[in-house]
Amino acid sequence: MTEIVQDSLEQRLRQRANPRHSLDTIPMDSQPHGNIPNTPLAASTISFLLGAVFSLGAALFSCGGLAHPWWATYQLGFFLVAWSAFHWGEFAVTAGWNRERCSVDSFLLDNGATYHVANGSALVEYLITLYLVPSVKTFPYVSQLGLILAIGGQILRTTAMIHASTNFSHSVSLRKRESHKLVTDGVYSWSRHPSYAGFFYWALGTQLVLQNFICFFGFAVVLWRFFYRRTQVEESALVKFFGEDYEIYRRKVGTRIPFMP
């Protein structure tokens, strides 16, 4: 009887030392950046705000835009839908299929100044050109191509994250975990880095929808350089993790990002 009581006491002490409620968003092997509070309240608030942006964008897109105000176009509506859905989806998929890595940073809203400057530049280019030279936004087939590219890119990225599950990480893993496996089937049999390819095409698609030709080429160059450097680091780690198995896989499957080996 004494041993049972002692075991129960030790268990309670361990729980207090390592609290983990089902709503906690504390990743196992990394610490959040800390710029956004890593709490359920913060996660729910961000989800609410992203939902509000999504709803506003969906309303604009579904009605084909408004005559007044002049900036309330269906293209801007889709951009708001795509942007808010992307960030909410990153958190939702991580929470559902890779919970041990889930934190408020999984929204990817604390993604560095460059990312926010890029999105801000896209909005500035769109609004300025729409106001000064509205004729450059009158190519419906360009926006339609962008819709296909953005939706396809989002599906590709989400599918990759779900399929990789706990093997996926928003940051490059330089240390192999016991549960770390080399995923080569499913969408990974088509692309070595389908989540990167998906984001690449999603981002370019949003700029085509807005018919932002300056930002389209700017995004293409910046993202290509970013993913090239990132894949070099990641693949060096994967070769160390899996050796010849990854070398064989790399020779067979491309990245599916243009001009990227």
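Heavy atoms only: backbone and side chains are in, while hydrogens, waters and symmetry mates are out.
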Item to check | Side chain T129, main chain Y126, donor-acceptor under 3.5 Å | outcome: yes
Item to check | R192 (side chain) donor-acceptor with Y249 (main chain) under 3.5 angstrom | outcome: no
Next on the checklist: Please find the pair of heavy atoms, one from A197 and one from T255, that lie closest to each other, and give the distance.
Outcome noted: CB-O, 3.8 Å
Next on the checklist: Assigning hydrophobic clusters by single linkage (Ile, Leu, Val, Met, Phe, Trp, Tyr; side-chain heavy-atom cutoff under 4.5 Å), is V124 placed with L132?
Outcome noted: yes
Checklist entry - Any idea which heavy atoms bring Q207 and C215 closest together, and the distance? => result OE1-CB, 3.2 Å
Checklist entry - Mind checking whether F213 and F139 have parallel, tilted or perpendicular rings, split at 30° and 60°? => result perpendicular
Checklist entry - With a 6.0 Å cut-off on ring centres, are F86 and W202 close enough? => result yes
Checklist entry - T231 versus M260: any side-chain heavy-atom pair under 4.5 Å? => result yes
Next on the checklist: Taking the ring centre of each residue, are H193 and F227 less than 6.0 Å apart?
Outcome noted: no
Checklist entry - Which heavy atom in S169 sits nearest to a heavy atom in R101, and how many Å separate them? => result OG-NH1, 3.1 Å
Checklist entry - For the residue pair A164 and Y188, what are the closest heavy atoms and their distance? => result CB-OH, 3.3 Å
Item to check | I214 backbone acceptor or donor facing E125 side chain under 3.5 Å | outcome: yes
Next on the checklist: Please check: side-chain N/O of N38 versus main-chain N/O of V104, any donor-acceptor pairing under 3.5 Å?
Outcome noted: yes
Item to check | Side-chain heavy-atom pair Y201, R157 within 4.5 angstrom cut-off | outcome: no
Item to check | Derivation and outcome, side chain to side chain contact (heavy atoms under 4.5 Å, CB included), residues F242 and K176 | outcome: CA-CA 9 Å; F242 302 108; K176 184 180 180 182; 3.9 Å; yes
Checklist entry - Would you call L123 and F79 a side-chain contact if the rule is heavy atoms closer than 4.5 Å? => result yes
Item to check | Y74 reachable from W70 in the ILVMFWY side-chain graph, under 4.5 Å edges | outcome: no
Item to check | Aromatic plane relationship, Y115 with F199 - under 30° parallel, 30 to 60° tilted, over 60° perpendicular | outcome: tilted
Item to check | Donor-acceptor under 3.5 Å (W190 side chain, R256 main chain) | outcome: no
Checklist entry - Can you find a pair of side-chain heavy atoms, one from W224 and one from F259, that are under 4.5 Å apart? => result yes
Next on the checklist: Can a donor-acceptor pair be found, under 3.5 Å and without considering hydrogens, that links the side chain of Q75 to the backbone of S143?
Outcome noted: no
Checklist entry - Taking it one step at a time, do V253 and T184 satisfy side chain to side chain contact (heavy atoms under 4.5 Å, CB included)? => result CA-CA 9 Å; V253 181; T184 61; over 6 Å; no
Checklist entry - Considering all heavy atoms of both residues, which atom of L156 and which atom of V187 are nearest to each other, and what is their separation? => result CD1-CG2, 3.3 Å
Checklist entry - Going by heavy atoms in the side chains, are E235 and Y246 under 4.5 Å from each other? => result yes
